[in-house]
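Here's the structure, in C-alpha cells; my notes come after.
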Amino acid sequence: MMMMGREGGGHVVPVDPGTVVGGLKKKGAGARSWILMDASGLETVLDVDKYEIMHRVQIHARDLRIIDPLLSYPSAILGRERAIVLNLEHIKAIITSEEVLLRDPSDDNVTPVVEELRRRLKPMNANREDQREEKDSNVQHDIETTDEDESPFEFRALEVALEAICSYLAARTLELETAVYPALDMLTSKISSRNLDRVRKLKSQMTRLTARVQKVRDELEQLLDDDDDMADLYLSRKLAGASPVSGSGAASWFLASPTIGSKISRASRASIATVRGDENDVEELEMLLEAYFMQIDGTFNKLTTLREYIDNTEDYINIQLDNHRNQLIQLELFLSSGTVCSSIYSLIAGIFGMNIPYSWNEEHGYMFKWVVAISGIICAVLFILIISYARFKGLVGS
C-alpha cells in the first residue's frame with residue numbers, strides 16, 4: 001500500500017509522487033480520502049482503507065465507525081489511549097500527539113478546517129522566523145506566541161476543530177435568523193397560505209439546526225462534567241508517562257515528538273516532570289472546552305430565543321384567528337335571529353293567505369295594513385330582545 005508511514009522515531013515518509021494523480025491516488029474498494037498533517041506542518045493526502053487507519057492510530061473498529069460518513073452517529077469527542085476520535089457534524093478527524101487525520105479534505109465544509117490547520121501548524125522553521133520577527137517588533141506579543149505554542153499538539157488541533165464547528169453553526173443560525181424574522185413579520189401583517197407555508201419550512205429548518213447544536217453542546221458539557229474524560233484527551237501527557245524519565249529512551253522519545261521536543265527547547269526538564277507528575281490537572285483543557293462551550297451555548301440560546309419568538313407569533317396568529325371566528329359566530333347569531341323573526345312574519349302572512357272562506361274578511365279590507373304593521377313591529381321587537389339578551393350574557397360584543 002502506497003501511503004505515508006513512519007520510520008524510526010516517527011519521521012514522515014511522503015507518498016511516492018509517481019503514484020499520485022492530481023494529489024490523490026485512485027481509490028480502491030473501501031478506500032477513503034484522508035489528509036494527514038503533523039506537528040511540523042507537513043501534510044500528505046492518503047487514500048487508505050479503515051484497517052490501515054486502525055493500525056496506524058491504534059483504535060478499534062467501533063471508534064472508526066463513529067466517523068464513518070455513511071453511518072449516522074451523534075457528535076462525539078472520544079479519548080482513547082493514543083488518539084482522540086472527533087465527530088463534529090462534517091468534521092471527522094483522528095488526532096494523535098503528533099499528527100491529525102482529517103476525513104474528506106476536498107469537501108466544501110472541511111476545506112476551511114484544512115486551511116486553518118495549515119495556518120496553525122506551520123513548518124517549524126517558518127514558526128521560528130515569525131517568532132524572531134515578532135520579537136524584534138514587539139516583545140510582549142512574542143511572549144504570548146510562545147505561551148500559545150506551549151499547548152500540546154492535540155489541543156491545538158482540537159481547538160481548530162471546535163472553532164470551525166462553532167463558527168459553522170453560528171453562521172447557519174445567523175442565516176436562519178435573517179430569514180425567519182422578516183417571514184414572521186410578513187405573516188403577522190397578512191395571514192395567507194403562502195406565508196404560513198414559508199414559516200412552516202423555516203421552523204422545520206430551525207428544529208433540525210437546534211438538534212445539531214444541542215448535540216455538540218451536550219457533548220462539550222459532558223466532557224466538562226467528567227475530569228476523567230478530559231484527562232483521557234491528554235495524549236502527550238500519557239505518552240510522556242509511558243516513556244522513561246531519564247536515559248537514552250527519554251531522549252529518543254523527545255526527538256520523536258515534535259511537540260514535546262519544542263517544549264524542551266523552551267523550558268527545562270524539571271517543568272516537564274512537574275507536568276508529568278500532576279496527571280489529574282485538566283485546567284488547560286477545561287479552559288479550552290469552556291470557551292467553546294460558551295460559544296455554542298450562545299448559539300443555542302439564540303435558537304431558543306428564535307423558537308420562543310416563533311411560538312409567540314403562532315400564539316398571536318391563533319388569537320387573531322380566534323377573533324375572526326368569534327366575529328363569524330356573532331354574524332351567524334344576527335342572521336339566525338333575523339331568520340327566526342322573519343319566519344314569524346312569514347307565518348302570519350301564510351295564515352292570511354290560505355284559501356279558506358271566512359266572513360270577517362268581507363268589508364274589512366282596511367285591516368290588512370294593520371296586520372302588516374303590527375306583525376312587523378312584533379318581529380322587530382323580538383329581534384331586539386334576542387340581541388339584547390345575547391349582549392347581556394356576553395355572547396355578543398358591544
Side-chain angles (χ1 to χ4, degrees), residues 4-6 9-12 34-43 53-60 62-64 66-67 76-88 91-103 113 117 120-121 124 148-163 219-220 222-224 226-245 249-250 252-264 266-267 269 271-289 292:
M4 195 179 79
R6 295 186 187 177
H11 298 286
V12 177
W34 298 77
I35 185 170
L36 184 145
M37 307 182 72
D38 61 10
S40 62
L42 298 177
E43 60 182 74
I53 294 295
M54 290 164 51
H55 177 71
R56 182 182 187 88
V57 298
Q58 298 182 9
I59 60 175
H60 296 288
R62 64 175 181 271
D63 297 328
L64 196 59
I66 293 176
I67 58 177
I77 303 175
L78 304 178
R80 295 299 181 249
E81 184 63 27
R82 297 195 178 183
I84 299 174
V85 181
L86 199 65
N87 179 29
L88 297 174
I91 303 176
K92 303 179 184 300
I94 301 174
I95 303 172
T96 69
S97 60
E98 300 176 355
E99 60 190 21
V100 55
L101 283 162
L102 193 62
R103 192 159 203 165
V113 184
L117 282 172
R120 298 281 185 94
L121 307 176
M124 297 179 64
E148 182 180 356
D149 291 339
E150 286 291 336
S151 298
F153 171 80
E154 61 268 20
F155 290 173
R156 285 185 286 158
L158 179 61
E159 183 178 6
V160 172
L162 291 175
E163 181 180 352
E219 181 63 24
L220 292 179
Q222 183 179 356
L223 272 176
L224 287 170
D226 196 333
D227 290 347
D228 293 336
D229 288 344
M230 285 191 289
D232 289 338
L233 302 183
Y234 278 80
L235 303 180
S236 298
R237 177 189 294 174
K238 290 191 291 185
L239 194 59
S243 301
V245 177
S252 63
W253 183 83
F254 288 135
L255 291 175
S257 175
T259 303
I260 304 299
S262 60
K263 287 184 179 181
I264 294 177
R266 294 188 299 265
R269 294 189 178 219
S271 62
I272 298 296
T274 303
V275 174
R276 281 189 196 170
D278 193 2
E279 295 182 356
N280 296 324
D281 183 16
V282 293
E283 182 178 359
E284 180 181 1
L285 179 59
E286 186 176 7
M287 293 175 62
L288 174 65
L289 295 178
Y292 291 101

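Given the structure is predicted, the values throughout are model-derived calculations rather than measurements.
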For this session: Begin with the C-alpha distance, continue with both residues' side-chain angles, and end with the deciding distance and a verdict on side-chain contact (heavy atoms from CB on, under 4.5 Å) for Leu78 and Asn87.
Result: CA-CA 9 Å; Leu78 304 178; Asn87 179 29; over 6 Å; no

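Here the shortest heavy-atom pairing between Leu86 and Ala161 reads CD2-CB, 3.2 Å. Between Ser97 and Leu235, the shortest heavy-atom contact is N-CD1, 3.8 Å.
Distance check, rounded to the nearest 0.5 Å: CD1 of Ile53 to CD of Gln58 gives 13.0 Å. Here Glu154 contributes atom CD and Arg82 contributes atom CZ; the two are 13.5 Å apart, rounded to the nearest 0.5 Å. A distance of 11.0 Å separates CZ in Arg80 from CD1 in Ile94, rounded to the nearest 0.5 Å. For the atom pair OG1 (Thr96) and CG (Leu36), the distance works out to 8.0 Å, reported to the nearest 0.5 Å. With rounding to the nearest 0.5 Å, the separation of CG in Leu233 from CG in Leu223 is 6.0 Å. Atom CG of Leu158 and atom CG of Leu288 lie 5.5 Å apart (nearest 0.5 Å).
Here Glu163 pairs with Arg120 under the salt bridge (charged side-chain N to carboxylate O under 4.0 Å, His left out) rule; sequence neighbours left out. With sequence neighbours left out, the ring pair (Phe, Tyr, Trp, His ring centres under 6.0 Å) criterion links Tyr292 to no other residue. Judged as a side chain to side chain contact (heavy atoms under 4.5 Å, CB included), and not counting sequence neighbours, the contacts of His60 are Arg62, Asp63.
The shortest distance between side-chain heavy atoms of Ile77 and Leu220 falls below 4.5 Å. Under the 4.5 Å side-chain criterion, counting only non-hydrogen atoms from C-beta, Asp38 is not in contact with Phe153.
Of the possible polar contacts, none joining the Tyr234 side chain to the Pro152 backbone as a donor-acceptor pair under 3.5 Å is found.
Taking 4.0 Å as the cut-off between side-chain N and carboxylate O, Glu99 and Arg56 count as a salt-bridged pair.
Under the side-chain contact (heavy atoms from CB on, under 4.5 Å) rule, Ile35 has a single partner from Leu101, Val113, Leu117, Leu102, which is Leu102.
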